[in-house]
Amino acid sequence: MDNPEETKQRLESEETEKGFYEPAGRRGACSFVHNGRYCLHQGYTGGNPVLSISPQNSLEVFDLHTAEWSTAHALNKPSRDEEEIDELPSSENPKSISGACCTVIDDCLYTFGGWLSGYRNADVHELNLTTMVWRHLEAQNRGSGPFLKDKAGMVAYGSHMVCVLGGYGYPSRDHIVNGVYRGQKGAEYAWDLNSILDICWTNELHLFHIEQGVWISPEMAGTRPPPCAAFTLTKVDPHRVVLFGGKQKSGRVNQLHILNMENWHWSGAIYPTRPEDPWPSKRSFHTACSLVDPRCVPTPTEALASPHQLGGRRFDWLPCQPPVLSPPEAEGSCHTLEPQLLVLWGMDNESDPVNDAWILNLSSLTWKEVSLPECMREGKVWHTMAAYHPTPCQAEVITFGGSPENLFANLESIIPNVQATTVLHFGVSPLHQLCLEFVSGLYEDYAPMLHCLPALVQRAVRDNHRKLCNLRNFTVAQL
């Protein structure tokens with residue numbers, strides 16, 4: 001049996017030899033969580049937005065089970081023979097851009113639009129996250145699809161379609177008929193008079209059918225949000241999405257809109273009931289995520305049965321009532337699943353970073369400001385954030401990158417990016433996880449006796465100890 005002191009020194013030596021990797025700081029990237037992995041795609045990786053675009057073939061991956069970063073490269077074909085693996089052909093690969101939006105359906109990532117040196121697009125790409133193969137999904141009716149744009153919002157709709165909303169851009173040649181721009185019926189376009197280009201904010205909403213390769217325009221009900229970009233669009237249950245904030249023609253806003261995707265009914269703008277009620281400030285380039293697994297939140301029945309009165313304002317949407325789960329509940333589940341939305345940081349109307357965080361209770365439509373750790377009280381702009389749900393009521397929220405400065409103060413200056421990974425824990429961990437974390441914290445002192453435990457428990461303790469050691473390199477907080 002090893003001497004405890006020698007064992008401790010050996011463990012410390014092994015951790016040092018492994019080295020440490022963290023991606024270059026970036027802003028304007030796409031982020032998502034898949035199978036316990038937080039992934040980054042694209043984005044500005046340096047101060048110069050023209051010369052500092054991240055590698056177009058790669059994903060930066062943060063494994064939430066081990067707290068380690070790695071790089072995953074896209075390949076040409078899913079071959080097991082390494083000699084047959086080539087780089088992906090450029091025709092199928094998305095261009096290196098920022099400001100794209102993304103969503104995940106099953107084991108595939110879907111991206112839309114984006115910007116690079118004044119060029120915008122309306123392309124949809126698919127990345128198979130199992131084979132790491134990109135595919136360009138060509139639209140058969142581009143003239144009926146969205147404008148070329150960036151800073152839009154995107155969510156999954158069922159298992160065969162993606163929904164794209166809003167953004168900042170301009171029409172393609174396919175949208176011009178007899179010299180006139182042809183936009184979506186019912187949508188609005190607010191043209192930017194300060195731009196030398198024919199460019200606008202829009203509130204158009206399109207569905208893209210993945211298998212058929214066609215754009216669809218669902219008929220909207222209720223009051224659409226005004227034309228907007230750089231907002232957040234977040235799914236809070238299988239059928240509802242929440243839009244918050246963003247940049248409109250008149251400036252940045254703190255409006256809240258809710259869309260029921262079962263009948264495409266918009267709530268209209270939701271405001272605080274009273275001036276003194278807590279409410280986030282106006283912002284864009286912020287992030288938002290659901291603190292409860294959206295797949296596990298039942299939608300309210302008869303959600304549009306009648307107009308509902310709230311704070312002196314009528315809107316045709318009823319807040320979701322938290323359901324009571326029938327016992328026995330699985331370990332780690334909660335008795336009520338109240339949908340909650342976390343909003344973090346952003347940029348205000350003076351183009352300066354906002355340094356706060358808020359949680360929206362979707363049942364009461366009330367906001368509560370969250371006290372952030374000291375190291376997170378410097379606001380960031382155009383960072384990334386996504387949530388992993390170990391249980392329906394738990395959330396491990398990961399943030400990365402962003403800029404601590406005004407993005408538009410001097411377009412010729414070098415704007416720094418933040419290289420910092422932050423892990424925020426929301427909710428209560430299951431008892432077995434709490435026990436595992438406690439034992440793992442004593443790993444170095446009791447490692448010689450680890451062999452007395454069952455094999456599966458030994459592996460779990462080792463893996464969790466490895467994760468705890470790696471988390472020392474990052475900011476971790478329980479909120």
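For the numbers below, each heavy atom of this structure counts, side chains included, while hydrogens, waters and symmetry mates do not.
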**Student:** Could I get the full list of salt bridge (charged side-chain N to carboxylate O under 4.0 Å, His left out) partners for R462, not counting sequence neighbours?
**Tutor:**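 Partners of R462 under the salt bridge (charged side-chain N to carboxylate O under 4.0 Å, His left out) test: none.
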**Student:** What residues, two or more places apart in sequence or in another chain, satisfy ring pair (Phe, Tyr, Trp, His ring centres under 6.0 Å) together with Y38?
**Tutor:**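 Partners of Y38 by the ring pair (Phe, Tyr, Trp, His ring centres under 6.0 Å) criterion come out as none, since no residue qualifies.
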**Student:** Would you be so kind as to tabulate the donor-acceptor pairs closer than 3.5 Å made by side chains of residues 274-281, with sequence neighbours excluded?
**Tutor:**
{"unit_1": "R274", "atom_1": "NE", "unit_2": "D277", "atom_2": "OD1", "d": "3.1"}
{"unit_1": "R274", "atom_1": "NH2", "unit_2": "D277", "atom_2": "OD1", "d": "2.9"}
{"unit_1": "D277", "atom_1": "OD2", "unit_2": "T273", "atom_2": "N", "d": "3.4"}
{"unit_1": "D277", "atom_1": "OD2", "unit_2": "R274", "atom_2": "N", "d": "2.9"}
{"unit_1": "W279", "atom_1": "NE1", "unit_2": "N254", "atom_2": "O", "d": "3.0"}
{"unit_1": "S281", "atom_1": "OG", "unit_2": "R283", "atom_2": "NH2", "d": "3.1"}

**Student:** Return each pair, listed once, that meets salt bridge (Lys or Arg N to Asp or Glu O under 4.0 Å) where at least one residue sits in residues 241-251; pairs must be two or more places apart or across chains.
**Tutor:**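 Matches after skipping sequence neighbours: none remain.
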**Student:** Can you name the residues that form a side-chain contact (heavy atoms from CB on, under 4.5 Å) with D352, not counting sequence neighbours?
**Tutor:**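 Counting only residues at least two positions away or on another chain, D352 forms a side-chain contact (heavy atoms from CB on, under 4.5 Å) with D348, E350, N406.
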**Student:** Mind checking ring pair (Phe, Tyr, Trp, His ring centres under 6.0 Å) for H34 and listing every partner two or more places apart, or none if nothing turns up?
**Tutor:**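 Listed in chain order: nothing, the list is empty.
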**Student:** Can you sort out the partners of Y110 under ring pair (Phe, Tyr, Trp, His ring centres under 6.0 Å), two or more places apart, ordered by chain and number?
**Tutor:**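 Result, ring pair (Phe, Tyr, Trp, His ring centres under 6.0 Å) vs Y110: none returned.
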**Student:** Sequence neighbours excluded, which residues qualify as side-chain contact (heavy atoms from CB on, under 4.5 Å) partners of H65?
**Tutor:**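 Applying side-chain contact (heavy atoms from CB on, under 4.5 Å) to H65 gives D63, Y388.
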**Student:** Go through the structure and list residues passing side-chain contact (heavy atoms from CB on, under 4.5 Å) with D150, not counting sequence neighbours.
**Tutor:**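 side-chain contact (heavy atoms from CB on, under 4.5 Å) check on D150 returns W115, R120, Y168.
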**Student:** Pair up each side-chain donor or acceptor in residues 375-382 with any protein partner under 3.5 Å, not counting sequence neighbours, and list the distances.
**Tutor:**
{"unit_1": "R377", "atom_1": "NE", "unit_2": "L372", "atom_2": "O", "d": "2.8"}
{"unit_1": "R377", "atom_1": "NH1", "unit_2": "E374", "atom_2": "OE1", "d": "2.7"}
{"unit_1": "R377", "atom_1": "NH2", "unit_2": "L372", "atom_2": "O", "d": "2.9"}

**Student:** With F208, which residues qualify under ring pair (Phe, Tyr, Trp, His ring centres under 6.0 Å), at least two apart?
**Tutor:**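 Result, ring pair (Phe, Tyr, Trp, His ring centres under 6.0 Å) vs F208: W215.
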**Student:** Under the rule for side-chain contact (heavy atoms from CB on, under 4.5 Å), what residues qualify as partners of V61, not counting sequence neighbours?
**Tutor:**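 In terms of side-chain contact (heavy atoms from CB on, under 4.5 Å), with neighbours along the sequence ignored, V61 is linked to R37, C39, L59, S70, A72.
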